[in-house]
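Just so we're on the same page: letters track the sequence lines, and every chain starts at 1.
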Number of protein chains: 2
Amino acid sequence: MKSDRKYRMTRQRQVILEEVKSGCHPTADQIYERVRKRLPQISMGTVYRNLDTLASLGFIRKMQPDHPQMRFDFNTKEHYHTTCMNCNRVDDMHIEPMDDTLENLGKALGKLTKFGIFGHRLEFIGLCPECSEQEKEFSLKGKNQIVKKGGVKLWN
Amino acid sequence: MKSDRKYRMTRQRQVILEEVKSGCHPTADQIYERVRKRLPQISMGTVYRNLDTLASLGFIRKMQPDHPQMRFDFNTKEHYHTTCMNCNRVDDMHIEPMDDTLENLGKALGKLTKFGIFGHRLEFIGLCPECSEQEKEFSLKGKNQIVKKGGVKLWN
DNA sequence: ATTGTTGCAAATATTTTGCATCAAT
DNA sequence: ATTGATGCAAAATATTTGCAACAAT
């Protein structure tokens, strides 16, 4: 993405943005269905492209890392992970689970909302040693965005 | 899954388990590639089926919820989520981010491992009010497994 | 004119499933 | 014999992309 690109707020982009807002953490196809009621001609490609664009411009956020693949963990005990936003590598965090802090937080939440907590997941996002070493051209841009060699990359 | 089912530890299942262990949070296709070097006849279907089975038996863990779809969030500020392991609904946690606690933990980790932290993601897994109300037949089985009407369901 | 965006369709990527066969109890 | 697992191929699901046409600067 060139940095002097002039984005336009088209009707489609506007409606997609509104539907992300009014839905509750919707998936792309949920957004597509909602948008289609207002703009029957819209295509799935437009929805995906706009969700990407809106996320990279910071209007919305993707809730998972971009690589859409399940990962598997041999360690079944409660523990936390680090994810490299450049190479997608996942490592264990060698830090004790904050069960007390987080479970208590969970219980407090459960009492407030009647949401029953069975566990939690904590993940730190950043750059693994190899990637921060190899690539010197990372820099922070705003909050939650990192620029890499002229392109913008979101961590979520 | 019937509860009196007799699982067998086949050669394929054994090798898949070993390769999950020796890899670093591998994806299904990474496991497939590794296993294929030892069992050239193996098929992708066998790998996926065994990863499911091994996870439901508690030998390994899936690292994300089962639904393989990206979700989008209109709220770009740091905040946490609850995920219902029954209906997959995602809601905001109306609790202040623990930036101090977690960012400090992150910095400590960064110093230890040279992993550069840019942010974190915290998610509570459980049952939303509707699902815990509707379904009385949930019960905890071991750690991280929940039984629902005769079936076993993992939360990750 | 040039650049950005769209709709459509085709392609890619990921995961699941039906089924005949094989293996273990 | 019966149940469980495999390999293969097809299907299902999720996402991305090429391209001609259209729209805004």
Side-chain angles (χ1 to χ4, degrees), chain A residues 1-17 19-20 25-33 35-57 59-60 62-72 88 151-154 156, chain B residues 1-17 19-20 25-33 35-57 59-60 62-72 88 151-154 156:
Chain A
M1 264 175 228
K2 289 176 59 189
S3 57
D4 57 346
R5 219 188 124 123
K6 302 278 189 305
Y7 293 92
R8 298 168 192 161
M9 184 52 80
T10 60
R11 176 96 183 109
Q12 288 90 334
R13 189 164 288 170
Q14 179 66 46
V15 171
I16 287 166
L17 183 56
E19 293 302 337
V20 175
H25 309 87
T27 58
D29 67 295
Q30 289 170 340
I31 293 161
Y32 174 62
E33 288 307 327
V35 171
R36 211 143 67 103
K37 290 183 182 146
R38 299 171 59 186
L39 306 173
Q41 301 307 317
I42 203 160
S43 75
M44 205 56 181
T46 299
V47 171
Y48 273 106
R49 266 184 301 234
N50 274 302
L51 290 170
D52 264 4
T53 304
L54 290 167
S56 74
L57 293 176
F59 286 98
I60 62 175
K62 295 189 172 185
M63 290 183 56
Q64 276 94 38
D66 243 338
H67 262 250
Q69 283 173 94
M70 179 65 76
R71 286 177 179 273
F72 299 87
N88 295 299
V152 175
K153 183 172 173 146
L154 233 63
N156 81 354
Chain B
M1 266 177 228
K2 289 176 60 191
S3 57
D4 56 347
R5 219 189 123 122
K6 302 279 190 304
Y7 293 92
R8 297 168 193 163
M9 184 52 81
T10 61
R11 176 96 183 109
Q12 287 90 336
R13 189 164 289 169
Q14 179 66 46
V15 171
I16 288 166
L17 183 55
E19 292 303 337
V20 175
H25 308 87
T27 58
D29 66 296
Q30 288 170 342
I31 293 160
Y32 174 63
E33 287 308 327
V35 171
R36 212 142 67 102
K37 289 182 180 146
R38 298 171 59 186
L39 305 173
Q41 301 307 320
I42 203 160
S43 74
M44 204 56 180
T46 299
V47 171
Y48 272 106
R49 266 184 299 234
N50 274 302
L51 290 170
D52 264 3
T53 303
L54 290 168
S56 74
L57 293 177
F59 286 97
I60 62 175
K62 295 189 171 185
M63 291 183 56
Q64 276 94 37
D66 243 338
H67 263 250
Q69 284 172 93
M70 180 64 77
R71 287 179 179 272
F72 299 88
N88 295 298
V152 174
K153 183 172 174 147
L154 233 65
N156 80 354

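- Under a 3.5 Å cut-off, the side chain of B:Glu33 and the backbone N or O of B:Gln30 do not form any donor-acceptor pair.
- Dashed line: the shortest gap from a side-chain N or O of A:Gln12 to OP1 or OP2 of C:dG7 is under 4.0 Å.
- No more than 12 heavy atoms of other residues, nucleotides or ligands shown are found within 6.0 angstrom of CZ on B:Phe59.
- Listed by chain and number, the residues in a side chain to side chain donor-acceptor pair (under 3.5 Å) with B:Arg13 are B:Asn50 (sequence neighbours excluded).
- A straight line from CG of A:Asp52 to C1' of C:dT5 spans 14 Å, rounded to a whole angstrom.
- A straight line from CZ of A:Phe72 to P of C:dT14 spans 13 Å, rounded to a whole angstrom.
- Residue A:Thr10 places none of its side-chain N or O atoms closer than 4.0 Å to OP1 or OP2 of C:dG4.
- Listed by chain and number, the residues in a side chain to side chain contact (heavy atoms under 4.5 Å, CB included) with A:Arg38 are A:Arg11, A:Val15, A:Glu18, A:Glu19 (sequence neighbours excluded).
- A nucleotide of DNA chain D counts as in contact with chain B when one of its atoms lies under 4.0 Å from a heavy atom; the first and last such, 5' to 3', are D:dT3 to D:dT15.
- Across every non-hydrogen atom of A:His25 and B:Arg71, the tightest pair is O-NH1, 2.7 Å.
- In this structure, CD1 on B:Ile42 lies 10.5 Å from CZ on B:Arg36, to the nearest 0.5 angstrom.
- Within residues 41-51 of chain A, the residues that place at least one heavy atom under 4.0 Å from DNA chain D are, in residue-number order, A:Gly45, A:Tyr48, A:Arg49.
- Summarising the geometry, the separation between CZ on A:Arg38 and P on C:dT6 is reported as 15 Å, rounded to the nearest angstrom.
- Considering only residues two or more places apart in sequence or on other chains, A:Ser43 meets the side chain to side chain contact (heavy atoms under 4.5 Å, CB included) condition with A:Thr46.
- In this view, A:Gln12 satisfies the side chain to side chain donor-acceptor pair (under 3.5 Å) rule with no residue, not counting sequence neighbours.
- Comparing B:Arg11 and B:Met70 along DNA chain D, the residue whose closest nucleotide (by nearest heavy atom) sits nearer the 5' end is B:Arg11.
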